[in-house]
Amino acid sequence: SHAEVWEDSSCPRGVSKRELLDDHYERHVRLSPHVLGHSKAHVAKLVSELVRVGRTDVPPESSLAFRGDFIQIGSSYEEHKVGSPDCFDIIVPLRAPRGLKMEAGVCTDKPGGPPLCTLNTPRKAEWTRRHKAFMDTFMHLHNAQRIYRMSPDSVQRWFYTATQRRLAAIRYPFEQRCSLSLSLSEEQQVLLRLTPRSDYVCCHISMGIRLIPAFPLGDGAFLVASQQGQQGEDLWTVYFPRQEQRLLAWLKGRLPPNSCHLKCLQLLKEVRNLSGETLDQQSGAEWGGVLSSYALKTAWLRLLLSTPPETWDECNLVDRLDDLLRSLRESLQSRALCHILLGGVSGFLPDSIVLPKLVKETVPSNLWAEFSDVTLDMVSARLAYSWNHLPRLIRLGRPQRTSLGRGVRCKYIDAE
């Protein structure tokens, strides 16, 4: 594999696949541990202040409240983000009001995809009659089932306003180093942006923090507002941060010290990014939807769980990347990529991975259930093309730059 070359006229003569991948990785893909460390520390300091100000020790009487903690999720924390640690995802657990009894129910009329749930309370419950203001603000009546359901949009709007108030209370010491702005997107996502001032930490990068309000489901899982479903369905999706963290830690313990597994996933994402940049808007949206970061991470985890750990030694990078692309295309051709925790492969998983009872019995979850065969075939064909012509995509999509990427070069980088 070390000597293997690309059959592409854009590839410099005599340069092997491994040499080209390593060079591109260092220039454009590698995460600087130093910059990542700085960014994580600054984000953690800001968010811990934010949730501490919003914390209550007792459940509120007739509103929602911050529980006072937060959970870091996503690629920057798992160290497979591409290029720059400029985006962070944070779950912010919420408390429901005292006395409100809500039951989570799995939607059985949406088979195949990620598990979608509703948060329900009986219409005739005593609490609902006594707390009309809360019910009017946060709950929707679904007459057919004679129940109220918690409305994700209402929760997101409340969370945005509550976060704004808390940000106003803590922003002064932070704004000496960076400006802070909070926004609510069309998809009802709350984004906190940090823009550095000239004397901000040595790495000088702007960052976005996606703050995700969530209700605890038990066993370290959470319900988060779903982007799927029709308006008014009031659907929530299940996140498994603790289970995924445990799985990644368990895998890391089995792999060689110089494992290429993170580098492999980063390069796969870079292939996706480079190829997506040359597509029109609609094709680009389909391409990015099928090959979402979560889908790529799922395919990567499935390969890690089904191959001997020693085969992930750094010297096997090209072979493992080939395997990962091949298994991804096989999944596209079979029209199914099953959720790693809900895909009917429990035999693969370590005993430390415990799922909430609610989702344990659900049917295997196919992340691609919503996509047509035509779309999946397009993505499969393009993926093969993109890998075979990667030198050309690199030349088109990535002008030369320093390996740090955006911003001022940090004096500590050269020591890494």
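Quick caveat, the model's predicted, so the values are computed rather than measured.
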Residue pair [X] / [Y], side-chain donor-acceptor N/O under 3.5 Å:
{"X": "Y160", "Y": "Q164", "value": "yes"}
{"X": "S352", "Y": "R246", "value": "no"}
{"X": "S226", "Y": "T237", "value": "no"}
{"X": "H34", "Y": "S32", "value": "no"}
{"X": "E270", "Y": "H28", "value": "no"}
{"X": "R382", "Y": "S275", "value": "yes"}
{"X": "T375", "Y": "S372", "value": "yes"}
{"X": "T307", "Y": "W312", "value": "yes"}
{"X": "K269", "Y": "H80", "value": "yes"}
{"X": "S151", "Y": "D153", "value": "no"}
{"X": "R149", "Y": "T121", "value": "no"}
{"X": "T137", "Y": "R157", "value": "no"}

[X] and [Y] ion-paired at < 4.0 Å:
{"X": "K81", "Y": "D89", "answer": "no"}
{"X": "D377", "Y": "R335", "answer": "yes"}
{"X": "E49", "Y": "R166", "answer": "no"}
{"X": "D23", "Y": "R27", "answer": "yes"}
{"X": "D219", "Y": "K357", "answer": "no"}

Do you know the tightest heavy-atom contact between [X] and [Y]?
{"X": "L50", "Y": "L211", "answer": "CD2-CD1, 4.0 Å"}
{"X": "A295", "Y": "L337", "answer": "O-CD2, 3.3 Å"}
{"X": "S380", "Y": "R329", "answer": "O-NE, 3.0 Å"}
{"X": "F66", "Y": "V92", "answer": "CD2-CG1, 3.9 Å"}
{"X": "L36", "Y": "S76", "answer": "CD1-O, 3.5 Å"}
{"X": "L321", "Y": "C264", "answer": "CD1-O, 3.4 Å"}

How long is the gap from [atom1] on [X] to [atom2] on [Y], to the nearest 0.5 Å?
{"X": "F240", "Y": "L247", "atom1": "CZ", "atom2": "CG", "answer": "12.5 Å"}
{"X": "L390", "Y": "L21", "atom1": "CG", "atom2": "CG", "answer": "6.5 Å"}
{"X": "R30", "Y": "Q266", "atom1": "CZ", "atom2": "CD", "answer": "10.0 Å"}
{"X": "M139", "Y": "I147", "atom1": "CE", "atom2": "CD1", "answer": "8.5 Å"}
{"X": "T311", "Y": "N316", "atom1": "OG1", "atom2": "CG", "answer": "6.5 Å"}
{"X": "L268", "Y": "L296", "atom1": "CG", "atom2": "CG", "answer": "4.5 Å"}

Verdict with supporting geometry, V29 and H24, side-chain contact (heavy atoms from CB on, under 4.5 Å)
CA-CA 7 Å; V29 180; H24 185 71; 3.9 Å; yes
Between [X] and [Y], is there a donor-acceptor pair closer than 3.5 Å when you use the side chain of the first and the backbone of the second?
{"X": "E244", "Y": "P241", "value": "no"}
{"X": "W300", "Y": "H261", "value": "yes"}
{"X": "Q188", "Y": "Q156", "value": "no"}
{"X": "Q245", "Y": "Q72", "value": "yes"}
{"X": "S283", "Y": "D280", "value": "no"}
{"X": "Q243", "Y": "V354", "value": "yes"}

Intermediate values then yes/no, salt bridge (Lys or Arg N to Asp or Glu O under 4.0 Å), K263 and D22
CA-CA 10 Å; K263 188 173 181 178; D22 280 343; 2.9 Å; yes
pair [X]-[Y]: side-chain heavy atoms closer than 4.5 Å:
{"X": "V155", "Y": "M150", "value": "yes"}
{"X": "L182", "Y": "T163", "value": "yes"}
{"X": "L100", "Y": "R98", "value": "no"}
{"X": "L304", "Y": "L255", "value": "yes"}
{"X": "P93", "Y": "F215", "value": "no"}
{"X": "H339", "Y": "Y294", "value": "yes"}
{"X": "W368", "Y": "S292", "value": "no"}
{"X": "I170", "Y": "L46", "value": "yes"}

S293 vs R272, test: side chain to side chain donor-acceptor pair (under 3.5 Å). Steps then yes/no.
CA-CA 9 Å; S293 291; R272 179 219 31 210; 3.3 Å; yes
Evaluate the criterion side-chain contact (heavy atoms from CB on, under 4.5 Å) for residue pair I73 and I212; output intermediate values, then yes/no.
CA-CA 10 Å; I73 63 169; I212 307 166; 4.1 Å; yes
Does the gap between the ring centers of Y148 and F138 come in under 6.0 Å?
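No.
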In terms of the angle between their ring planes, are [X] and [Y] parallel, tilted or perpendicular, with boundaries placed at 30° and 60°?
{"X": "F134", "Y": "W127", "value": "perpendicular"}
{"X": "F174", "Y": "H42", "value": "perpendicular"}
{"X": "H142", "Y": "H140", "value": "tilted"}

Would you please test R18 and L317 for side-chain contact (heavy atoms from CB on, under 4.5 Å) and show each step?
CA-CA 8 Å; R18 180 64 199 247; L317 174 72; 3.5 Å; yes
More than 12 foreign heavy atoms under 6.0 Å from CD of Q282: is that the case here?
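Open: at most 12 neighbouring heavy atoms sit under 6.0 Å from CD of Q282.
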Any chance CD of E310 has more than 12 other-residue heavy atoms, nucleotides or ligands included, within less than 6.0 Å?
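Result for CD/E310: enclosed.
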Taking only residues two or more places apart in sequence or in another chain, which ones pass side chain to side chain donor-acceptor pair (under 3.5 Å) with Y77?
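Listed in chain order: nothing, the list is empty.
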One pair to check against side-chain contact (heavy atoms from CB on, under 4.5 Å): L376 and V290. What are the steps and the verdict?
CA-CA 7 Å; L376 296 176; V290 172; 3.9 Å; yes
